[in-house]
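These notes concern the structure reproduced below.
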Amino acid sequence: MRKMLSYMQAKHWRLFGISVVLMFLQVFLDLKLPDYMSGITEMVQTGTATTGALLRDGSFMLLCALGTTATAIAGNFCSSKMSASFSQNLRSRIFHKVQTFSKEEIDRFSTASLITRSTNDVVQIQNFVSRGLRMIVRAPLLVGLALYKMSMRYWQWTAATAVTVVMVAAVIVILIKFAHPRFRRMQKLTDEVNRSMRENMTGMRVIRAYNAEQYQMDNFETANTNLMENEQKARNIMRLMPSTNQFATNALTVVIYCIGAYLIAASGSYTLGLAVFTDMVVFSTYASKMLMGISSLEMVFNMLPRAATSAERINEILATEPGIMSGTKTGEEGGAGSVSEPGTVEFRHVSFRYPEASENALSDISFTAKSGETIGIIGSTASGKTSLVSLIPRLYEATEGEVLVDGINVREYDCEALRSRLSYVTQTAVLFTGTVASNVGYGRKTVGKTAGQSKTRTDEQKLWSAVDISQAREFVDRMEGKLQAPVMRGGSNVSGGQKQRLSIARGVYREPEIFIFDDAFSALDYKTDRALREALRKNAGTATSIIVASRIATIRDADRILVLDEGHIVGEGTHEELLRDCKVYQEIAYTQLTEEELKIG
Amino acid sequence: MAKESYQLGQVTMRSSGGPRGRAMEKPHDFKKAWRQILHYAKPYRIQIIAVLTLAVGAVLFSLFGPNQLKNITNMIVDGLNGASMNLPKILRISIVAVALYLMSAAMMYFQNYLTTMTATRINHDLRRDISGKINHIPLSRLDQSSFGDLLSRVTNDIDTIGESLSHSAVQMIRGLVTFLFATVAMLLTNVPLALVALASSMLGFLFMKIIITKSQKYFVLRQRYLGEMNGHIEEMYAGHTIVKSYNGEQDSLERFEELNEKLYVNNYMSQFLSGMMMPFMEFVGNLGYLMVCVVGAIMTSHDLISFGTIIAFIIYVKIFTQPLGMVSQAVTALQSAAAAAERVFAFLEEKEMEDESDKQQDFRAERGEVVFDHVNFGYTPDRTIIHDFSFTAHSGMKVAIVGPTGAGKTTMVNLLMRFYELHSGEIRIDGTNITDLSRANVRKLFAMVLQDTWLFEGTIRDNIAYGSHNVTDEEIHEACRRVGLHRYIRSLKDGYDTVINDAFSLSAGQRQLMTIARAMVSKKPLLILDEATSSVDTRTEQLVQDAMEELTKGRTSFTIAHRLSTIRNADVILVMKDGDIVEQGTHRDLLAKNGFYAELWNSQFVNAVSI
């Protein structure tokens with residue numbers, strides 16, 4: 001939490017400072033009110049109270065009350081502005097930070113967790129800053145000022161008040177100590193309920209197929225009951241607070257009057273007694289205002305643990321340094337900085353290991369893809385295909401060895417310049433809210449020559465051409481608005497295969513030097529797959545293609561095929577060569593092709 | 001590896017700030033929603049009556065306090081004016097007053113305690129019923145709803161209801177009771193002074209009302225931008241790889257900052273306006289205080305009332321102005337609770353599948369013959385996708401279903417398992433129409449391996465024995481041996497007791513093998529394999545294929561496949577296109593026919609020819 005405060009900027013502190021000053025004024029005026037009461041009491045008791053004098057005092061009181069309200073509103077304005085601006089700032093910091101993360105950091109936090117941290121956790125902090133911070137400042141101010149005013153009266157009252165305040169504070173501390181572990185546990189149990197629920201929903205078909213409804217219900221019920229019982233315990237502890245507070249406030253008033261009676265009896269003279277009496281009336285007001293200030297802290301203590309957890313989670317993001325820092329080369333500086341061989345990808349003895357993994361995902365990978373070549377990569381699940389290609393756009397950093405694009409080490413590239421040369425099409429298609437056009441034409445391209453045919457076409461032509469090549473025209477044509485047809489969040493209004501084709505179109509539109517298709521064709525049926533690849537070959541010009549596939553048919557016409565097995569290259573060559581020499585390739589081929597087919601090959 | 005298992009539902013929004021931080025949602029039918037909530041409270045009516053009694057008691061006891069204080073004050077004033085101070089009596093009254101306050105506090109606690117117990121129970125019941133409800137709703141409905149939305153009902157909406165039951169509802173009751181009794185107490189003590197206090201409080205209440213109405217707009221806007229902002233963040237994080245690879249960071253940041261700015265403005269306006277409540281509340285309190293002081297003093301100086309009455313009234317005003325704030329806050333909270341309740345109950349009232357307790361429950365398919373007889377079906381009534389489909393799968397037959405994406409292959413599974421109901425025609429198993437059997441009975445006949453490899457959080461053993469009774473460890477081990485998982489599982493520290501969860505997960509291929517093992521131990525006469533080998537790597541696939549081969553022996557099986565190579569040795573291949581069976585026969589027959597199947601088949605290899 002303290003760390004969080006360090007993100008406050010000068011303007012936030014300024015606003016906070018102003019609101020503290022206003023708060024001071026407000027508390028001061030608030031406590032001034034009872035002083036008039038003391039005057040009125042004296043007038044009434046001495047019989048000097050004329051209606052005019054009373055009304056004069058009354059209007060002063062009204063001014064005080066109005067002043068209190070005005071300062072409170074102004075203070076509220078400052079703190080609202082401060083907290084809103086602070087949360088805006090914080091949200092922005094987080095978002096910027098996450099944008100710099102590489103896949104490694106994203107994996108470490110998990111996407112879902114990052115989202116919660118950037119949204120929900122920020123709201124928690126904002127709530128705390130806007131309300132909690134004010135109360136934290138206000139309560140001691142109120143107590144201090146009230147104590148100062150009271151200290152001028154009789155010590156018996158001060159002592160009684162002090163004892164009460166200490167007792168209430170102690171009760172609050174004790175309750176929090178008991179309740180907080182339970183509240184923390186509650187969050188965990190809530191997650192558990194959510195998990196169980198999600199499991200029921202994602203497994204709907206299997207659950208019904210196995211008639212396991214009751215089993216799932218029982219599981220859910222356990223989590224559900226655990227949550228309930230824990231919540232009951234946690235809440236019932238905290239519920240002691242308001243009762244304690246109310247009792248303390250009320251009892252203290254009675255005690256003050258009782259003590260007052262003894263003091264008056266002991267004073268002996270009328271004037272002295274009267275002074276004690278007026279003091280007593282005022283003092284009891286101070287005391288109850290003070291206790292109210294303390295009880296407002298209760299709310300702070302309720303918010304604090306949640307805010308602290310949120311702060312911790314946000315700090316984790318902000319304290320994480322992205323593992324991949326952008327280099328400086330754009331490849332267009334000329335001289336030594338310029339690209340020597342556009343459209344080439346070279347791996348030099350590259351090894352890669354996921355953080356905290358015990359074994360390499362890739363070991364000693366070396367190969368070169370020359371300009372215009374098509375390289376196929378095949379291998380079983382978890383053989384390292386995806387890991388291999390994600391090193392090229394530097395989504396991950398190679399653990400050993402060098403990855404070179406256009407003859408320059410990817411580490412030395414300015415990330416934007418590097419990625420401008422590439423089109424990376426992922427296995428799971430991702431679309432963003434917008435239109436077909438905004439999705440196909442997505443992204444920026446700062447450097448790199450285009451390997452495609454022309455630069456003279458209009459953007460619309462380019463978009464249509466990309467849609468054509470990716471075999472998406474058939475359904476884009478049918479969509480209302482065509483290229484301007486809306487795409488809903490996450491592409492929920494198009495089917496899986498259509499999503500995949502649009503994401504391929506996005507890659508094509510970019511006219512890159514190098515295409516990377518990470519199993520991007522597997523969601524397509526054979527016919528579409530074939531037509532798409534043919535269209536690509538005709539239109540991609542001099543672009544280099546690196547195609548990861550699980551189907552042999554997808555890559556059998558590649559110039560070269562790399563066969564991966566447990567992170568090693570175990571075969572390299574054309575389809576025919578591999579079919580002859582590579583055992584792993586043969587095994588893959590046998591399961592996918594007929595004997596006749598193998599013979600033709 | 002790439003964790004794309006991101007779901008909207010994982011983002012749970014727990015707002016802790018109570019009703020004030022939230023947008024005020026307006027329910028469509030406030031009364032109906034609360035009637036439904038109260039229906040859930042019915043089993044706890046004894047507790048609720050106790051809560052109400054305790055609330056009234058707590059308020060009453062606390063109202064006796066000022067009266068005692070008045071007596072003390074009057075005795076002190078008497079003492080001051082020459083009469084001897086009756087100290088023992090003052091002490092006695094003080095003790096009585098403290099005791100009354102203690103009683104009041106104790107009652108308040110027990111009332112709160114009971115409320116918590118009841119509210120959390122009602123929450124629990126609601127969650128249980130929603131979870132149970134899922135099992136009774138047809139898949140046709142569930143397939144259309146998003147998980148995220150449902151999850152948010154379970155967490156946020158039920159939370160909101162719980163919060164308002166345990167806080168606002170009680171606050172409301174307490175507030176009203178206090179309001180009522182304080183008014184009565186004041187009127188009994190002194191009518192003119194009571195009217196003064198009432199009038200000044202009402203004035204404040206009016207102000208509050210104005211602010212609430214004014215701030216509404218900003219709350220709505222704030223909630224909207226917060227939603228948009230969260231949506232943008234979700235999208236950008238989930239698509240991080242694409243954003244990075246295509247240099248989309250700049251665009252993403254620009255959109256973010258734009259939304260962030262809008263959010264900021266509405267954030268601080270709504271916060272500012274809602275923050276005005278507190279000062280106004282205090283003003284109302286102060287106004288009442290000073291009016292009582294001044295008017296009371298004037299009346300005292302005219303000997304109309306005793307000074308003790310002023311003291312009593314100062315406290316009455318304090319008690320009296322509190323519920324005003326409470327009630328107005330509670331009203332807002334009750335409204336958003338009603339809106340939440342509407343969503344929850346909309347789901348709970350969702351139409352259920354028809355009751356089938358009168359249908360046959362223990363039908364056993366001895367032969368395993370499956371007949372499709374003029375089957376018509378569509379996911380929506382207006383669009384039929386399976387047209388007049390007839391086919392007989394004889395006992396022990398291996399049936400393969402192939403066709404391009406969207407041809408209706410998975411639909412066949414949905415119909416066989418009665419996840420969806422036919423429009424017309426019938427499906428018969430060993431001569432019995434499956435609609436004459438209970439759904440549970442139909443599913444008892446099929447073992448199923450689906451495309452999505454669903455495992456639940458639990459041990460490997462429980463996952464494999466899932467849904468089957470009396471499965472021995474030996475059978476589980478045997479099944480795992482046959483799918484080639486046994487050695488791997490044994491190599492784990494806890495072996496078959498290893499819990500599959502976030503911390504320990506299996507690869508896609510291993511998950512698939514698990515579900516195949518699950519199908520193996522379930523010993524059902526019929527088998528459905530939907531793209532069962534698509535996420536198993538090609539080498540493991542051979543192993544799986546062998547295991548499958550064995551699994552399909554003596555069982556009638558339906559295999560749905562993208563990869564044509566996996567179904568070459570099926571007894572019958574059904575080739576589907578646009579919901580119709582366009583061809584059927586063995587692999588060789590179909591190739592010889594040189595029709596649609598041959599076209600599909602050859603498209604796999606056309607490149608080989610072109611080289």
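Residue numbering restarts at 1 for every chain, and letters A, B, ... go by the order of the sequence lines.
- Side-chain atoms of Asn260(B) come within 3.5 Å of backbone atoms of Gln88(A) as a donor-acceptor pair (strictly under, hydrogens ignored).
- Every residue two or more places apart in sequence or in another chain was checked for a side chain to side chain contact (heavy atoms under 4.5 Å, CB included) with Ala106(B), and none qualifies.
- Residue contact with chain B, scored on non-hydrogen atoms closer than 4.5 Å, involves the backbone and the side chain of Ser423(A) alike.
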message: For Phe432(A) and His232(B): C-alpha separation, side-chain torsions, deciding distance, then whether ring pair (Phe, Tyr, Trp, His ring centres under 6.0 Å) applies.
response: CA-CA 9 Å; Phe432(A) 300 117; His232(B) 180 68; 8.8 Å; no
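- Side-chain atoms of Asn250(A) do not come within 3.5 Å of backbone N or O of Tyr101(B) as any donor-acceptor pair.
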message: Is there a side-chain contact (heavy atoms from CB on, under 4.5 Å) between Met61(A) and Met291(B)? Walk through the geometry before answering.
response: CA-CA 9 Å; Met61(A) 282 173 95; Met291(B) 291 298 274; over 6 Å; no
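- For the pair Arg506(A) and Tyr246(B), the cation sits on the ring face: its NZ or CZ lies under 6.0 Å from the ring centre, inside 45° of the axis.
- Residues passing the side chain to side chain contact (heavy atoms under 4.5 Å, CB included) test with Tyr109(B) are Asn236(A), Arg239(A), Leu240(A), Ser243(A), Tyr113(B), sequence neighbours excluded.
- A distance of 8.5 Å separates CD1 of Ile207(A) from CD1 of Ile134(B), quoted to the nearest 0.5 Å.
- Proximity of a side-chain donor or acceptor of His240(B) to a complementary backbone N or O of Phe101(A) within less than 3.5 Å is detected.
- Judged by distance alone, with hydrogens and angles left aside, the side-chain atoms of Glu231(A) form no donor-acceptor pair with the main-chain N or O of Thr120(B) at under 3.5 Å.
- The contact between Phe95(A) and chain B is made by backbone and side chain atoms together, counting heavy-atom distances below 4.5 Å.
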